[in-house]
Amino acid sequence: MNRFTYARPSSVAEAVHEVSTNPAAKLLAGGTNLVDLMKYSVERPTHLVDLTHLSGLSGIEETAEGGLRIGALVTNTAAAYDERVKARAPLLSSALLAGATPQLRNAATVGGNLLQRTRCYYFYDTGTPCNKREPGSGCPAKEGVNRIHAILGTSEQCIATHPSDMCVALAALEAVVKVAGPQGERSIPMAEFHRLPGDTPWQDTNLARDEIIVAVEVPASGFGEHHTYLKLRDRLSYAFALVSVAAGLEMDGDRVRRARIALGGVAHKPWRVPEAEAILQGATVTPELAEKVADRLLEGAKGYEGNAFKIGMARRAIRRALAQAAAGTPQSQTDKRIQ
Ligand code: SF4
């Protein structure tokens, strides 16, 4: 591990000053991703800014509009088991509990979860090229081992996926990320927070280098009754999604008034297609309609040698998730068997 200097600011203003005056600074919160990356020499910060002592970022509050503001330093465990989150945004609680392990969830923060980096094998192996780690060096995943890689929104430069479960639920909930920078606070809708790889795969998000995340705001409509987070993976625990689906429906009897669907494990960001959601509006969820939704969500999907199976898997997951959400029978994250 390289040598680095260490700062422990006590206010958001101090933390912003630290990152805006030192281009090599990296933010540390739970450390569940960054410390791993430092051990592998993937990240070699010369200055670490420890955010864990900032005041005011560790709480969950109700907003004036009836939504929830979740501080960036709230742990994944605290968010998942908070009674207000469970009641108003159970989709978020469920997705959080689908992720990682209890030990990791106890340490990992909401802000860190948003900023976690891909688990592409080559990204972690500094003995191989990788455009995300070393711009211009190449992408061995396209011709190599790509079982966990993306099928949507890929580029010639990179086919990595975003690994988060939480972010998939936040995308379906149309949450907003609150960030602070030298010019003050601004809001970034979840749909615009993460980026597709394009020609700049090293840029995962639209967070500026001199900004820090201070909170996530979840709107009042959290799909309390009709939602599900369905995660398909190689092991029942401590495994990233091969495919996941966050589905939230507002129902009027057996008809859908409003639908939001986001896919995880398939792209460099949570994958939403508003036109697919519009297909459900005013309709009853049937297997045939779910097929049409899947067609639209997966339009343009492209598989590689090791991950083409994800296209069919995603189609089946979308069908199942919509049936679960419509019936009000969300996927259990305790008993992970998929019935
Ligand atoms: Fe690197 Fe992206 Fe290619 Fe993985 S998929 S090797 S992260 S460029």
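Just so you know, residue 1 is the first one in the sequence shown, and it goes up from there. Order of listing sets the numbers, starting from 1, for every ligand and every atom in it.
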For Gly181 and Val16 the tightest heavy-atom approach is C-CG1, 3.5 Å
How close do Leu207 and Arg186 get, heavy atom to heavy atom, and via which atoms? CA-NH2, 4.5 Å
Take the angle between the ring planes of His149 and Tyr122 and call it parallel below 30°, perpendicular above 60°, tilted in between. tilted
Closest protein heavy atom to [atom], given as residue, atom name and distance to 0.1 Å:
atom                    : value
atom 2 (Fe) of ligand 1 : Cys158 SG, 2.4 Å
atom 6 (S) of ligand 1  : Tyr122 CB, 3.5 Å
atom 4 (Fe) of ligand 1 : Cys120 SG, 2.3 Å
atom 5 (S) of ligand 1  : Ile159 N, 3.3 Å

Does the side chain of Asn106 pick up a donor-acceptor pair with the side chain of Gln103 at under 3.5 Å? no
Can you confirm whether the side chains of Arg195 and Asn206 place a donor and an acceptor under 3.5 Å from each other? yes
Can an N, O or S atom be found in Cys130 less than 2.8 Å away from atom 2 (Fe) of ligand 1? no
Contact check: Cys139 to atom 3 (Fe) of ligand 1, N/O/S below 2.8 Å: yes
Nearest-0.5 Å distance that lies between atom CZ in Phe193 and atom CG in Leu170: 10.5 Å
What atoms in ligand 1 come closer than 4.0 Å to a heavy atom of Gln157? 8 (S)
